[in-house]
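Below is one structure, written out as structure tokens; the observations come after it.
These values consider heavy atoms only, across backbone and side chains, with no hydrogens, waters or symmetry-generated copies. Only a predicted model underlies this, so the values are computations on that prediction, with no experimental measurement involved. Along the sequence shown, residues are numbered consecutively beginning with 1.
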Amino acid sequence: MKLLTYKTKHTEPRLGFLHNNRIIDMEDFGEISNFPLPIDMLDLIDLGFEIIEEITEMINETREIDFEQIGYTFEEVEILAPIQRPRKNIIGIGLNYTEHVAESARTLDTTGKLPQKPIIFSKPPTTVTGPNTNILLNPKLTQQLDWEVELAVVIGKHGKYVANKEALDYVFGYTVINDISARDCRREGQWIVSKGQDTFAPMGPYLVTKDEIPDPHNLNLSLKVNGVEKQNSNTKFLLFNINALIEDLSTVFTLEPGDIIATGTPAGVGAGRNPQEWMWDGDVVEATVEGIGTIVNTVKEIK
């Protein structure tokens, strides 16, 4: 199921899902199905993955004419980040594709050695922004604004000391994150100033439930800037795959419903190019993950 958060000219943000190329309101669907459903993505996740199975059964039992009364066309809505305000920082994973390790060593303060354990950082909830919004460029802070397409994992239930082979049982679904980075804001190896500025985590357009992604370790991901492809790889090249990440993270802290793990970016970032490339005011960046979709954003300089 492709879930989304949306709003219209007449509504506050609401939860919906895609059905036959229309956006169906989740709460309204619950009303016609006589089964109360939430209006917020995090509230839905809190109900557990089993709720998706129940909703799917109800969809199969619903007449198409009934969907017409509670649905919208894409032209009628604004799609927002699927989780507009995460409860906690987004968990970021650094240097998780081999070729990205190599390119980072050429231009950034990294060693070039393959990590023996996942490199973990975080991005505050205020970094989140949705499709077709602006990535804010503060020239007083950075002259090196960079891109990073990533598959993001959304956790569906509490997990502590999760076994590797059971890790995907803790996944609710997947989305796309563009891990925007200000390369000249790194401080003695610490990344949060580089990664944590407002709007530095474009997310969306959908949260795709795990039943629609049978193998998250074989998804193409790519990124374009102003229509020119910069990144193109596949999640099969992850150094630490999703199972390993969940296993490792859950030994450090308890994973909770709604937690978001950005799994890392492949080679092709601006910092690794010769000459280096950065994003500037007016640049349009498109981040795509197979099976999920494309999120498009525009860089806007703060005057």
Side chain Trp147, main chain Glu286, donor-acceptor under 3.5 Å: no

field: Side-chain donor-acceptor pair present, Asn134, Thr298, cut-off under 3.5 Å
entry: no

message: Quick one: does any side-chain atom of Lys210 pair with a main-chain N or O of Pro216 as donor and acceptor, under 3.5 Å?
response: no

message: Does any part of the side chain of Gln197, heavy atoms only, come nearer than 4.5 Å to the side chain of Leu136, both counted from C-beta?
response: no

task: For the residue pair Leu4 and Pro82, establish whether any side-chain heavy-atom pair is separated by less than 4.5 Å.
output: no

query: Would you say Asn220's side chain and Glu290's backbone share a donor-acceptor pair under 3.5 angstrom?
result: no

- request: Check Pro38 against Leu47 and note the closest heavy-atom contact, atom names and distance.
  value: CD-CD1, 4.0 Å

Which atom of Ile55 lies closest to which atom of Met1, heavy atoms considered: CG2-CE, 3.5 Å

- prompt: With no hydrogens and no angle check, do the side chains of Asn20 and Glu64 hold a donor and an acceptor under 3.5 Å apart?
  reply: yes

Min side-chain heavy-atom separation Pro266-Phe237 under 4.5 Å: no

- request: Check whether more than 12 heavy atoms from other residues, nucleotides or ligands sit under 6.0 Å from atom NZ of Lys300, and answer yes or no.
  value: no

- prompt: Is the count of non-hydrogen atoms from other residues, nucleotides or ligands lying under 6.0 Å from Asn21 atom CG greater than 12?
  reply: no

Shortest non-hydrogen separation from Arg183 to Trp278 and the atoms involved: CG-CZ3, 3.4 Å

message: If we ignore hydrogens and angles and just use 3.5 Å, is the side chain of Asn178 paired with the main-chain N or O of Glu148 as donor and acceptor?
response: yes

task: Measure the shortest side-chain to side-chain distance between Leu3 and Phe172 over non-hydrogen atoms and say whether it is less than 4.5 angstrom.
output: yes

- prompt: Would you say the side-chain atoms of Thr209 pair up with the backbone N or O of Gly173, donor to acceptor, closer than 3.5 Å?
  reply: no

Verdict with supporting geometry, Ile260 and Met203, side chain to side chain contact (heavy atoms under 4.5 Å, CB included): CA-CA 11 Å; Ile260 302 165; Met203 182 195 306; 3.6 Å; yes

query: Tell me, do Val171 and Phe49 make a side-chain contact under 4.5 Å, heavy atoms counted?
result: no

- prompt: Does the pair Lys230/Glu277 count as a salt bridge with the N-to-O cut at 4.0 Å?
  reply: yes

query: Does a side chain donor of either Thr5 or Gln84 reach within less than 3.5 Å of an acceptor in the other side chain?
result: no

- prompt: Should the heavy atoms of other residues, nucleotides or ligands under 6.0 Å from NZ of Lys7 be counted, would the total exceed 12?
  reply: no

task: Measure across Glu229 and Ser222 and return the closest heavy-atom pair with its distance rounded to 0.1 Å.
output: OE2-CB, 4.3 Å

task: Verify the neighbour count for atom CG of Asn34: are there more than 12 heavy atoms of other residues, nucleotides or ligands below 6.0 Å?
output: no

- prompt: Just checking, is any N or O donor in the side chain of Tyr72 or Asp25 under 3.5 Å from an acceptor N or O on the other one?
  reply: no

task: Would you please test Thr294 and Val176 for side chain to side chain contact (heavy atoms under 4.5 Å, CB included) and show each step?
output: CA-CA 8 Å; Thr294 299; Val176 184; over 6 Å; no

Side-chain heavy atoms of Val296 within contact of Val284, under 4.5 Å: yes

message: Could you check whether any side-chain N or O of Thr56 sits under 3.5 Å from a backbone N or O of Ile52, counting only pairs where one atom can act as donor and the other as acceptor?
response: yes

- prompt: Hey, does Tyr206 have a side-chain heavy atom less than 4.5 Å from the side chain of Thr175?
  reply: no

- prompt: Of the non-hydrogen atoms in Gly264 and Asn96, which two are nearest, and what is the gap between them?
  reply: CA-CB, 4.3 Å

query: Are any side-chain N or O atoms of Lys123 and backbone N or O atoms of Gly92, one a donor and one an acceptor, separated by less than 3.5 Å?
result: no

field: Carboxylate-amine/guanidinium contact Lys2 Glu212, below 4.0 Å
entry: no

statement: When every non-hydrogen atom of Leu95 is compared with those of Pro115, the smallest separation belongs to O-CG, 3.7 Å

- prompt: Which one of Val128, Leu42, Ile91 satisfies the side chain to side chain contact (heavy atoms under 4.5 Å, CB included) criterion with Pro86?
  reply: Val128

Asp179/Lys195 under side chain to side chain contact (heavy atoms under 4.5 Å, CB included): CA gap, chis, key distance, verdict: CA-CA 7 Å; Asp179 177 18; Lys195 303 280 194 175; 2.9 Å; yes

query: Any side-chain heavy atom of Leu223 sitting closer than 4.5 Å to one from Val225?
result: yes

field: Stepwise side chain to side chain contact (heavy atoms under 4.5 Å, CB included) test for Ile135 and Leu145
entry: CA-CA 10 Å; Ile135 298 167; Leu145 193 67; 4.3 Å; yes

query: Short question: side chain of Gln276, backbone of Gly272 - any donor-acceptor pair under 3.5 Å?
result: no

Without placing hydrogens or testing angles, list every side-chain donor-acceptor pair under 3.5 Å for residues 240-250, not counting sequence neighbours.
{"residue": "Asn241", "atom": "OD1", "partner": "Asn243", "partner atom": "N", "Å": "3.2"}
{"residue": "Asn241", "atom": "OD1", "partner": "Ala244", "partner atom": "N", "Å": "2.9"}
{"residue": "Asn243", "atom": "ND2", "partner": "Asn164", "partner atom": "O", "Å": "2.9"}
{"residue": "Glu247", "atom": "OE1", "partner": "Asn164", "partner atom": "ND2", "Å": "3.2"}
{"residue": "Ser250", "atom": "OG", "partner": "Val162", "partner atom": "N", "Å": "2.9"}
{"residue": "Ser250", "atom": "OG", "partner": "Ile246", "partner atom": "O", "Å": "2.9"}
{"residue": "Ser250", "atom": "OG", "partner": "Glu247", "partner atom": "O", "Å": "3.1"}

- prompt: When you measure from the side chain of Asp146 to the backbone N and O of Gly270, does any donor-acceptor pair fall under 3.5 Å?
  reply: yes

- prompt: How about Phe29 and Phe67: are their ring centres within less than 6.0 Å of each other?
  reply: yes

query: With a 3.5 Å cut-off and no angle check, do the side chains of Asn234 and Asn218 form a donor-acceptor pair?
result: yes

Heavy-atom donor-acceptor pair, Thr235 side chain to Leu219 backbone, under 3.5 Å: yes

